[in-house]
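A quick write-up on the structure given underneath.
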Amino acid sequence: MAETKKKFKGLSRELMALRVANELEDGTYVNLGIGIPTLVSDWIEGRDIILQAELGMLNTGPLASQSEVEQDLINASCQPVTELPGSCYFSENESFAMIRGGYMDVAVLGALQVSEKGDLAGWQNPGRGLPEDIGNIGGSMDLAVGARKVIIAMMHITNDGEYKIVKQCSYPLTAQGVVDLIVTDLAVIEVTPKGLLLREVASGLTAEDVQSVTEPKLIISPDLTEIQF
Amino acid sequence: MAETKKKFKGLSRELMALRVANELEDGTYVNLGIGIPTLVSDWIEGRDIILQAELGMLNTGPLASQSEVEQDLINASCQPVTELPGSCYFSENESFAMIRGGYMDVAVLGALQVSEKGDLAGWQNPGRGLPEDIGNIGGSMDLAVGARKVIIAMMHITNDGEYKIVKQCSYPLTAQGVVDLIVTDLAVIEVTPKGLLLREVASGLTAEDVQSVTEPKLIISPDLTEIQF
Amino acid sequence: MNKVYPGVDEAVADIPDGASVAISGFFTAGTPIPLIKALAKQGAKDLTIICMQMGPGNEDINQLVINKQVKKAICNYPFYRSASRGANSPTEQAVRAGELEMEVYPMGTFTEKLRAAGAGIAAFYTPTGVGTVVEEGKEKRKFGNKEYLLELALKPDYAFVYAYKGDTMGNLTCHLTARNYNPEMAAAGKITIAAVENLVAPGGLDGDMVHIPGVYVQRVVKVDRPEYFPTID
Amino acid sequence: MNKVYPGVDEAVADIPDGASVAISGFFTAGTPIPLIKALAKQGAKDLTIICMQMGPGNEDINQLVINKQVKKAICNYPFYRSASRGANSPTEQAVRAGELEMEVYPMGTFTEKLRAAGAGIAAFYTPTGVGTVVEEGKEKRKFGNKEYLLELALKPDYAFVYAYKGDTMGNLTCHLTARNYNPEMAAAGKITIAAVENLVAPGGLDGDMVHIPGVYVQRVVKVDRPEYFPTID
């Protein structure tokens with residue numbers, strides 16, 4: 001498990017966020033998780049995409065500047081945000097009713113591990129040493145189960161060089177079989193019934209490079225390209 | 001069943017409503033059903049009692065005069081009503097969450113039959129000839145189950161002279177064992193674990209008179225009085 | 001995200017035969033009359049109508065029954081109070097004649113079934129209806145020392161809702177007791193069509209006063225303020 | 001119906017040892033800080049605290065843990081994100097030391113359990129958590145072709161909520177994302193205590209903009225606007 005993979009130079013977090021943003025369709029409602037997913041918001045200003053903040057807001061605007069900070073107006077990461085025309089507010093309970101009820105077209109989430117079957121593990125790193133049923137579940141399980149499409153935005157391997165795209169998740173699961181697309185610093189991979197389909201690779205990398213840092217066998221798309229922006 | 005009882009002259013509907021109003025304590029939240037219960041509102045103006053309208057309003061005010069009618073502001077009987085200071089509005093769903101959740105101190109309901117065990121039948125008269133599982137249930141079942149105290153306001157016998165206070169309800173039930181107090185044109189009767197306790201009789205009537213129009217055996221209160229206003 | 005349709009006819013045009021349609025409104029208040037009229041005109045048949053009542057305070061729903069567009073009604077207070085008036089009502093006549101299938105739920109259960117559908121909850125346990133005809137065919141279960149019935153979510157194909165004010169993105173603000181079934185029906189409907197009295201641009205509503213977030217609403221149509229005569233029998 | 005208490009100390013005075021207390025707020029927003037401080041001062045022990053988090057963005061909840069007032073925490077996002085910061089947090093230390101019992105639920109399940117308690121629903125089936133540690137010890141059941149978990153209502157003895165504006169009858173209006181857990185916690189609490197920033201007489205609120213009907217609120221106390229620094233790690 002601690003076998004170290006070769007480190008490839010891939011996309012910055014910002015470009016990963018841009019790649020995800022390009023995957024989003026106009027006219028959709030989208031929830032962005034904590035971490036890299038939050039950066040997606042920087043790339044969709046002016047587009048016809050409505051962001052939900054899980055604490056109870058639709059049409060969340062950009063982060064607030066110092067002078068705009070309103071302590072009663074934050075996002076799920078506890079960052080001060082702004083309103084847009086058409087923003088509205090509701091309770092946490094209504095927010096998750098919306099999420100479970102299937103009203104989020106897309107959830108963009110981070111992950112610790114994703115399996116070839118689309119299982120997602122993202123809320124608990126056993127390395128922290130807490131009991132296995134305790135950790136920051138937050139909104140992740142509801143979003144993973146409720147969103148029509150789940151896109152994972154994460155680094156391809158861990159800082160310690162371990163696989164994050166695995167045959168079977170060893171970390172506590174967030175949900176089973178929910179992931180549709182994985183966007184990493186190295187590749188864009190689609191979860192299909194036949195397995196993981198490698199669609200795009202970062203500039204300068206080959207399919208073999210990506211396979212070398214991916215545990216399950218990848219299906220190479222006949223239309224394999226460089227990551228598109 | 002069609003045996004005709006002697007008809008006694010008792011309270012008017014208005015005085016029945018007054019008697020119920022006197023039973024209500026200050027500082028309580030109360031829901032008034034359709035029919036005689038609705039008249040209770042005429043007797044509590046200025047008192048510290050908050051009326052709930054099941055369609056989604058707290059602190060319902062008196063009926064609207066012709067010039068005050070606002071079509072978006074009605075009560076559960078579809079009568080135009082008015083606001084009071086501190087009125088607020090919510091959805092039907094929230095209203096019944098409130099009712100089932102135990103937040104109504106008292107529900108005052110009409111009834112077709114009440115049993116000596118406090119069973120209530122109030123939503124379907126088989127005489128109308130509809131299938132036995134079809135009729136105007138409305139909010140009655142939720143109120144009967146959810147309210148902390150259920151007061152029934154009804155005529156003591158039917159127009160046809162039949163018992164309405166019965167050993168066992170023959171009409172479809174609204175709820176089992178929920179009635180606390182019965183106020184009729186002839187008497188005030190408390191439902192106790194030992195049976196029906198006759199506490200008050202209308203002016204000019206005796207306990208025997210009331211018993212003659214009541215199917216189950218009444219327990220006569222040692223403190224039996226005329227109906228108090 | 002502009003969800004505005006040119007008129008009620010266009011907004012209901014695709015409703016197919018056999019669809020289920022939830023219609024909001026408590027007797028008169030908050031009832032999307034123009035959408036019901038459009039559905040009567042459109043003519044879809046074998047409909048399942050999910051609404052509080054099937055006639056009282058709402059003659060346009062009677063019209064759907066008269067047109068023989070309704071196969072089934074799911075409701076909580078379907079009939080006129082008065083037996084004599086009821087005897088002449090299309091719904092009661094159709095039920096007596098066995099031409100209209102009907103399910104009646106307690107009002108709280110009715111709205112909670114819709115709420116569950118919108119909220120992704122498959123089923124819930126309610127104390128209402130225990131020991132009555134409502135419990136027939138349902139699972140009964142004790143939690144603590146109290147009995148509850150299992151009730152299932154109810155998800156309509158379409159929902160017709162009404163709002164005093166709304167924006168083009170589908171955010172809706174209701175007025176007084178006209179809110180009633182509107183929020184939960186809007187969330188429950190696979191396709192929710194909102195009849196809006198005052199249509200504004202995004203930014204025209206106070207975000208703290210939006211009772212129905214736009215995500216629940218797929219179509220918005222501007223209508224004139226209907227005239228109700230709040231009275232039933 | 002005047003529900004106003006003279007101050008936070010009086011409002012929390014009767015909370016006994018062993019009570020369960022729900023505390024609203026999403027990190028900083030909508031958190032009734034003055035009530036938490038009063039509870040720390042009051043000193044009740046063996047408490048079950050029901051809140052989103054147990055420290056991040058809320059140092060006052062940390063204080064309850066440091067005071068050893070908390071026996072159990074029921075939450076959904078208890079820890080700091082950063083493992084290194086977490087290692088120094090009183091809650092994480094108490095959990096590791098086995099001194100603090102903890103139950104963690106998905107955020108939607110957490111708030112739905114409270115909503116169910118306030119709404120008289122004993123239990124509900126949610127799809128969230130199927131196939132994860134969350135399903136352990138719970139009934140799993142299929143509706144259609146999807147699996148769901150049975151989750152039970154959670155009714156706290158007390159609920160601490162926060163409102164931007166409120167009247168003396170307990171009607172409350174929330175502000176922007178500070179609404180979050182407040183409505184459902186207010187409804188769930190057997191005794192709900194509201195910290196209100198702007199206290200007005202009845203009639204001072206728009207009835208269409210009341211997010212928490214007064215029936216759910218037993219005590220109201222006027223507080224100054226707290227100063228939050230919206231940031232977590």
Side-chain angles (χ1 to χ4, degrees), chain A residues 34-35 53-57 60 64 69-81 83 87-100 119-121 123-125 127-146 172-178, chain D residues 24 26-30 52-53 56-57 75-81 83 86-87 92 95-96 102-112 114-115 126-134 136 164 174-185 211-212 225-233:
Chain A
I34 291 179
E54 70 189 25
L55 77 164
M57 179 180 190
T60 307
V69 170
E70 154 62 75
Q71 65 185 29
D72 290 341
L73 184 50
I74 61 172
N75 65 15
S77 303
C78 202
Q79 298 165 314
V81 293
E83 285 197 329
S87 290
C88 69
Y89 305 92
F90 35 87
S91 76
E92 189 81 22
N93 189 264
E94 180 80 39
S95 181
F96 280 89
M98 211 175 268
I99 288 167
R100 274 189 320 257
D119 295 349
L120 167 61
W123 66 277
Q124 218 243 29
N125 187 335
R128 189 152 168 174
L130 286 159
E132 70 137 23
D133 57 347
I134 286 179
N136 287 344
I137 298 178
S140 63
M141 288 192 185
D142 296 286
L143 281 162
V145 165
L173 287 188
T174 305
Q176 288 179 326
V178 294
Chain D
S24 184
F26 192 104
F27 295 123
T28 55
M52 174 185 170
Q53 33 72 9
C75 39
N76 64 63
Y77 197 95
F79 303 123
Y80 290 94
R81 278 187 75 196
E92 195 164 328
V95 168
R96 286 174 191 279
M102 184 176 272
E103 277 176 31
V104 181
Y105 291 95
M107 205 177 272
T109 301
F110 174 88
T111 171
E112 188 70 7
L114 291 158
R115 191 264 170 190
T126 177
T128 305
V130 169
T132 77
V133 295
V134 169
E136 279 168 26
Y164 178 71
C174 303
H175 190 219
L176 310 174
T177 56
R179 194 182 317 178
N180 57 72
Y181 297 99
N182 285 290
E184 283 73 23
M185 284 194 177
H211 301 122
I212 303 175
R225 181 166 176 84
E227 290 258 355
Y228 300 115
F229 303 94
T231 172
I232 49 161
D233 187 1

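In what follows, chains carry the letters A, B, and so on, assigned in the order in which the sequence lines appear, proteins first and then strands, with residues in each chain numbered from 1.
Contacts of P78(D) with chain A are made by both backbone and side-chain atoms, with heavy-atom separations under 4.5 Å. With a threshold of 4.5 angstrom between heavy atoms, E112(D) approaches chain A through its backbone and through its side chain. Contact annotation for E136(D): only side-chain heavy atoms (C-beta onward) come within less than 4.5 Å of a heavy atom of chain A. Interface residue Y105(D): only backbone heavy atoms are found under 4.5 Å from chain A.
Using a 4.5 Å heavy-atom cutoff, the side chains of V145(A) and V130(D) are not in contact.
Looking only at heavy-atom pairs under 4.5 Å with chain A, the residue among G108(D), A178(D), P183(D) that has the most is G108(D). Between chain D and the options I137(A), D142(A), L143(A), N136(A), heavy-atom pairs under 4.5 Å are most frequent for N136(A). Between chain A and the residues T126(D), T132(D), L176(D), N182(D), the largest count of heavy-atom pairs under 4.5 Å involves L176(D). Note: N93(A) leads L130(A), N93(A), L173(A), V81(A) in heavy-atom pairs under 4.5 Å with chain D. Across R128(A), E132(A), M57(A), Q176(A), the residue that shares the most heavy-atom pairs under 4.5 angstrom with chain D is R128(A).
A donor-acceptor pair under 3.5 Å is absent between the side-chain atoms of E184(D) and the main chain of E92(A), judged by distance alone.
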| field | Working for side-chain contact (heavy atoms from CB on, under 4.5 Å), residues T177(D) and L73(A) | value | CA-CA 5 Å; T177(D) 56; L73(A) 184 50; 4.0 Å; yes
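Listed here is the closest heavy atom pair of F90(A) and R179(D): CA-NH1, 3.6 Å.
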